[in-house]
Amino acid sequence: MAREEKVWKFAEEAGYEPLENRCIIVKYAPANLSDQIASFFNGEFYVLQLCKSEMILLPFDPMWTGLRKDVSLVLPYGEIQSVEVSDDLLNSVIAIRTGEDLIRLTAQQKELSDLRTSGLYCGGKNWHKENLEGTLLELKKLGSVQK
């Protein structure tokens with residue numbers, strides 16, 4: 001379990017300036033139904049943290065539900081061309097287009113997150129639930145500013 005303050009500390013130790021209340025728990029989004037079934041058993045979750053100049057992904061250790069001291073993805077805001085957020089059953093899909101790449105992530109919706117994996121990874125205070133709407137709004141703004 002990771003407290004939000006620990007997320008910020010890891011981001012700062014890695015050399016980034018995290019924005020408060022702008023982190024949520026995500027997974028890479030499955031491409032199709034077969035991939036969705038397979039990914040159900042995949043325990044690879046990340047913290048998407050918005051920072052001053054970039055977005056980063058910090059991986060969770062699937063065995064211990066704690067953060068690993070690693071940055072899996074660094075995406076400078078200047079490289080983001082568009083961001084689209086859509087609902088898919090119990091999740092929100094975040095599609096980030098950069099140049100020729102499309103990064104698709106999925107975040108559990110806040111209404112049931114206390115009962116789902118995102119609530120488990122947050123521990124006592126469900127910061128994913130508290131930060132979801134604001135973080136998704138900021139992501140959408142990033143895509144529209146870069147056009």
Revision key, fill the gap. When every non-hydrogen atom of T135 is compared with those of N21, the smallest separation belongs to OG1-O, 3.7 Å

Study note, to complete from the structure: Nearest heavy-atom approach of K140 to V85 is CE-CB, 3.7 Å

Review point. How long is the span from the CD atom in E17 to the CG atom in L50, to the nearest 0.5 Å?
Key: 13.5 Å

Point to revise | Charged N-O contact under 4.0 Å between K27 and E44 | key: no

**Study point:** Test item: H128 side-chain N/O and Q108 main-chain N/O as donor-acceptor pair under 3.5 Å
**Key:** yes

Exercise for review: Kindly indicate whether the side chain of K125, heavy atoms from C-beta on, has any atom under 4.5 Å from the side chain of E130.
Suggested key: yes

**Study point:** Test item: M55 and L139 side chains (from C-beta on) under 4.5 Å apart, heavy atoms
**Key:** yes

Exercise for review: Report yes if the side chains of I25 and F60 come closer than 4.5 Å at any heavy-atom pair, otherwise no.
Suggested key: yes

Exercise for review: Measure the spacing between CG of L57 and CG of L73 and express it to the nearest 0.5 Å.
Suggested key: 4.5 Å

**Study point:** Donor-acceptor under 3.5 Å (D88 side chain, N91 main chain)
**Key:** no

Exercise for review: Nearest 0.5 Å please: distance from the OH atom of Y28 over to the OG1 atom of T106.
Suggested key: 13.0 Å

Exercise for review: Evaluate the side-chain contact (heavy atoms from CB on, under 4.5 Å) criterion for residues L105 and V93: first the C-alpha distance (whole Å), next the side-chain angles of each, then the deciding distance (0.1 Å), finally the verdict.
Suggested key: CA-CA 6 Å; L105 304 168; V93 175; over 6 Å; no

Study note, to complete from the structure: Distance col, row E4:CD vs C23:SG, nearest 0.5 angstrom, shows 4.0 Å

Review point. Just wondering, more than 12 heavy atoms not from E84 lying within 6.0 Å of its CD?
Key: no

**Study point:** Pairwise distance OH(Y77) to NZ(K141) - rounded to 0.5 angstrom
**Key:** 12.0 Å

Exercise for review: Specify the closest pair of heavy atoms between Y16 and C51, including all atoms of both residues, with the distance to one decimal.
Suggested key: CB-SG, 3.8 Å

Practice item. Grab the two heavy atoms, one from S92 and one from Q109, that are nearest each other, plus how far apart they are. Key: OG-CG, 3.7 Å

Practice item. Mind running side-chain contact (heavy atoms from CB on, under 4.5 Å) on W127 and I24 for me, showing each step along the way? Key: CA-CA 7 Å; W127 45 264; I24 58 175; 5.5 Å; no

Study note, to complete from the structure: Hits for side chain to side chain contact (heavy atoms under 4.5 Å, CB included) against L102, two or more places apart or cross-chain, chain-then-number order -> A95, R97, R104

**Study point:** Partner set under salt bridge (Lys or Arg N to Asp or Glu O under 4.0 Å) for E100, not counting sequence neighbours
**Key:** none

Exercise for review: Write down the atom of K110, the atom of L132, and the distance for their closest heavy-atom approach.
Suggested key: N-CD2, 3.5 Å

Practice item. Could you tell me which residues satisfy side chain to side chain contact (heavy atoms under 4.5 Å, CB included) with P59, sequence neighbours excluded, listed by chain and number? Key: Y46, R68, D70, S72

Point to revise | Any side-chain heavy-atom pair of L142 and E138 under 4.5 Å | key: no

Review point. Shortest non-hydrogen contact from Q49 to W8?
Key: OE1-CD1, 3.4 Å

Practice item. State whether K9 and E12 are salt-bridged, where the test is any N-O pair (Lys NZ or Arg NE/NH1/NH2 against Asp/Glu carboxylate O) under 4.0 Å. Key: no

Point to revise | Reported CZ-to-CG distance for the pair R22 and L136, which is rounded to 0.5 angstrom | key: 9.5 Å

Review point. Below 4.5 Å, heavy atoms only, C-beta onward: do I56 and L75 meet side chain to side chain?
Key: no

